[in-house]
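One structure is given below, encoded as structure tokens.
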Amino acid sequence: MDDTPQPVDAKTLKFLRVLVTVLTATMILGLLVLIGLFVTRFPDLERGASEASMPPGLELPSTIHLPEGVKPRAFTRGESWFAVVTDDDRILIYGTKTGQLIQEVDVVSGN
């Protein structure tokens, strides 16, 4: 058997050159599409999230009045309420319309 390289046909080289060019153009186009999607879908990344971008009816309260000496650890909300998890293992549930405390839940460890 002869292991010497065989000359490549000019048509084959032209075909490979076209394939590489098409692949390069496709990758560049795909990258531009991804950049365009990031720019149009995430316009608030530079400025940060604002209340104007929140869904209607889910605006955050401007202030929350917690009991004296209580520090918040977490916050969540529903359509008509919001809750604050405190550092003393309580969940304080407030109404969104009035901002008044509706319910207080003590979290008890199962140990």
Side-chain angles (χ1 to χ4, degrees):
M1 297 191 122
D2 187 15
D3 289 337
T4 59
Q6 300 296 321
V8 179
D9 187 21
K11 288 183 179 181
T12 303
L13 283 178
K14 184 176 180 179
F15 177 69
L16 287 175
R17 191 176 306 130
V18 168
L19 282 179
V20 169
T21 304
V22 168
L23 177 62
T24 302
T26 303
M27 289 175 60
I28 290 171
L29 182 66
L31 184 64
L32 291 175
V33 167
L34 284 176
I35 291 171
L37 285 174
F38 274 108
V39 168
T40 59
R41 297 292 181 181
F42 304 118
D44 291 335
L45 283 181
E46 184 176 309
R47 293 175 299 204
S50 65
E51 288 187 27
S53 65
M54 300 211 44
L58 291 181
E59 293 83 15
L60 297 175
S62 58
T63 58
I64 300 172
H65 300 287
L66 297 174
E68 192 70 33
V70 171
K71 294 181 183 173
R73 266 203 278 171
F75 175 87
T76 190
R77 71 159 294 148
E79 286 187 31
S80 62
W81 57 269
F82 62 88
V84 177
V85 179
T86 63
D87 60 345
D88 58 354
D89 293 329
R90 288 187 293 166
I91 302 172
L92 306 175
I93 303 172
Y94 295 86
T96 55
K97 294 199 186 309
T98 63
Q100 298 296 316
L101 183 64
I102 297 174
Q103 185 178 2
E104 183 176 319
V105 180
D106 288 324
V107 179
V108 180
S109 177
N111 294 335

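Along the sequence shown, residues are numbered consecutively beginning with 1. Because only heavy atoms are used, hydrogens play no part in the values below, and waters and symmetry mates are left out as well, while side chains stay in.
Minimum interatomic distance between I91 and A83 (heavy atoms only, all atoms of both residues): CG2-CB, 4.0 Å. The minimum heavy-atom distance between R73 and D89, with the atom names listed, is NH2-OD1, 2.7 Å. Closest approach of L101 and E104 over heavy atoms only: CD2-OE1, 4.2 Å.
Both F82 and L66 sit in one connected hydrophobic cluster of ILVMFWY residues. Membership requires side-chain heavy atoms under 4.5 Å apart, directly or through other members. Both V85 and V107 belong to a single network of hydrophobic side chains, linked directly or stepwise wherever heavy atoms of I, L, V, M, F, W or Y lie under 4.5 Å apart. Note on V70: it does not cluster hydrophobically with I93, by side-chain heavy-atom contacts below 4.5 Å among ILVMFWY residues.
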Go through T4 and Q6 one step at a time and tell me if the side chain to side chain contact (heavy atoms under 4.5 Å, CB included) criterion holds. CA-CA 6 Å; T4 59; Q6 300 296 321; 4.1 Å; yes
One pair to check against side chain to side chain contact (heavy atoms under 4.5 Å, CB included): W81 and T76. What are the steps and the verdict? CA-CA 9 Å; W81 57 269; T76 190; 4.0 Å; yes
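Checking T26, I28, T21 one by one against T24, the side-chain contact (heavy atoms from CB on, under 4.5 Å) holds for a single residue, I28.
Using a distance-only test at 3.5 Å, with no hydrogens or angles considered, a donor-acceptor pair links the side chain of Y94 to the main chain of H65.
Residues K11 and D9 are not paired through a salt bridge, judged by the lack of any N-O separation under 4.0 Å between the basic side chain and the carboxylate.
In this structure the side chain of L31 reaches within 4.5 angstrom of the side chain of I35, judged on heavy atoms. For the pair P67 and L92, the minimum side-chain heavy-atom distance is below 4.5 Å.
Other residues, nucleotides and ligands place no more than 12 heavy atoms under 6.0 Å from the CZ atom of F15.
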